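Quick caveat, the model's predicted, so the values are computed rather than measured. Residue numbers begin at 1 in each chain, while the letters A, B, ... track the order of the sequences.
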Number of protein chains: 2
Amino acid sequence: MSLRFDITPGSPQPIYEQIEGQIRRWIATGTLKEGDQLPSVRALAEQLTVNPNTVARAYSELTAEGLVASHAGRGVFIAARRQIYSEEERLRRLSCAMKRFFDETAFLDIPLAEILRRLEAAGTDYFTHSPKP
Amino acid sequence: MSLRFDITPGSPQPIYEQIEGQIRRWIATGTLKEGDQLPSVRALAEQLTVNPNTVARAYSELTAEGLVASHAGRGVFIAARRQIYSEEERLRRLSCAMKRFFDETAFLDIPLAEILRRLEAAGTDYFTHSPKP
DNA sequence: TAAGTGTATTAATGCAAATAATACAGTTGA
DNA sequence: TCAACTGTATTATTTGCATTAATACACTTA
C-alpha cells in the first residue's frame, strides 16, 4: 500500500515539515499503527519528485522525536506509542499552539463561542475522518 | 504613549511578522482603537533597533489588509473596524488555523475535551488580559 | 521652509531550504 | 557469498527570503 502524500513545493512551509506533518497526523489518527513500515527514503523521494535528502531529513526528525524508529538496512517503522514529552513540555506546546491560533483568528472578528463550536466539530472530524492512506 | 513591542530577532518568525502580529492582537483586544496613531516608521525602527524597512514592511502589509490606514506626511492610524474579508474568506482562514492547530497538538495525545476546555479558558483570557501597551 | 511623515528603489549580506552527487554501513534473500 | 535493497553522512551548489543599508522622493504640518 502506498501512502497518499499531499506536498506543495514553494509553500512557506518546508517540504520536509509537510512530510513530517502528514505522518504525525496519520499516527495521531490511527491511520498508521505501531510496526507499520514507511516508504523507503529513495522510494518516497521518487514518488514526490523530491530530493532523497529532503525525505531523509523528515524521517530523521521524526526519529529524534521518537515517533518512528529507523533501522539501517531494514527501513523506518512506526514506533510504539509512548509518552515522548513530559507533562510540562506537552502543556507548554499546547499553550504555544493556542496562542498562535488566537493570533491567527482574533482579528477575524468571529465570536469566541462560535470559534469553540467549530473547533469541537473540526476536532472530532479530525480524529474520525482521517485522510485516506 | 509608547507601545511595548516584544521582538525576538533570530526567531523563525520574521521580525516584520512579529510586529504585525502584536499590532493585530492589540487591535483585536481593543488596546488599539480606531484613530490611534502608530509610532512612525523611523521611530519604531530605532526603538526596536531594527531597520526602518522592516517596520515599513509590517505597516505595508497591515495597510493592505485594511487594518490600518497610512497617510504620507501624517502617519499610520488604526482604521475603522469593518468587515475586511468576506464571510467565506473568514471561514476559510479559520479552517486553515484550526487544521494547523490540530496538526500541532494531535500528537501530544491530550484528550480533545481537555484541549477544548483549555482553549476556552485561554480564549477568554486572550481577550480580557490583553498585554499592556 | 524646515522637519517630520510614508513610500520606493537598489544593493549587499546572511541564512536556511533544497538539490545533487557520492560514499558508507547494515540487512536481507536468492 | 553477493547483489540489491535499506538508512545515514558528507560536501558543494543553487535558490529564495529576511534583513540591513543608503538613498531618493512625495506629502503634511507648523
> 5'-most contact on DNA chain C: N53(B) or Y59(B), nearest heavy atom basis?
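Its nucleotide being nearer the 5' end, the pick is Y59(B).
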
> Please identify each residue that fulfils side-chain hydrogen bond (donor to acceptor under 3.5 Å, both in side chains) with E61(B), with sequence neighbours left out.
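Partners of E61(B) under the side-chain hydrogen bond (donor to acceptor under 3.5 Å, both in side chains) test: R57(B).
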
> So which one's nearest nucleotide on DNA chain C is more toward 5', H71(A) or L38(B)?
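Of the two residues, L38(B) wins.
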
> Is any side-chain heavy atom of R24(A) closer than 4.5 Å to a side-chain heavy atom of L62(A)?
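In short, these two side chains touch, coming nearer than 4.5 Å.
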
> Without decimals, in angstroms, what is the distance between Q37(A) CD and dT6(D) P?
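The distance from CD of Q37(A) to P of dT6(D) comes to 8 Å, rounded to the nearest Å.
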
> If the condition is ring pair (Phe, Tyr, Trp, His ring centres under 6.0 Å), which residues does F102(B) pass it with, not counting sequence neighbours?
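Result, ring pair (Phe, Tyr, Trp, His ring centres under 6.0 Å) vs F102(B): Y126(A).
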
> According to a strict under-4.0 Å criterion, is R74(A) in side-chain N/O contact with OP1 or OP2 of dG7(D)?
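It does not, given that no N or O in the side chain of R74(A) lies less than 4.0 Å from OP1 or OP2 of dG7(D).
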
> I want to check one thing: is the phosphate of dT8(D), taken as OP1 and OP2, less than 4.0 Å away from some side-chain N or O of S70(A)?
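For S70(A), the contact criterion (side-chain N or O under 4.0 Å from OP1 or OP2 of dT8(D)) is met.
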
> Using a 4.0 Å cut-off on protein heavy atoms (strictly under), produce a 5'-to-3' string for nucleotides 13-19 of chain D with B for base contact, S for backbone-only sugar-phosphate contact, and - for none.
-----SS

> Are R25(A) and D103(B) side-chain neighbours, meaning at least one heavy-atom pair lies under 4.5 Å?
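SC-SC contact between R25(A) and D103(B) confirmed.
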
> Could E104(B) and R100(B) be called an ion pair, given the rule that one side-chain N must be under 4.0 Å from one carboxylate O?
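Salt bridge absent between E104(B) and R100(B).
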
> Roughly how many Å is it from CZ in R42(B) to P in dC27(D), rounded to a whole number?
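Atom CZ in R42(B) sits about 15 Å away from atom P in dC27(D).
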
> First and last nucleotide of DNA chain C touching chain B, 5' to 3', heavy-atom cut-off 4.0 Å?
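Range of nucleotides touched by chain B: dG4(C) to dT9(C).
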
> Under 3.5 Å, sequence neighbours excluded: what are the donor-acceptor pairs made by side chains of residues 67-75 of chain B?
none

> Under the ring pair (Phe, Tyr, Trp, His ring centres under 6.0 Å) rule, collect the residues that match up with Y16(A), sequence neighbours excluded.
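None.
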
> So, R118(A) and E114(A), do they make that salt bridge, N to O below 4.0 Å?
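Looking at E114(A) together with R118(A), the answer is yes, because their closest N to O distance falls below 4.0 Å.
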
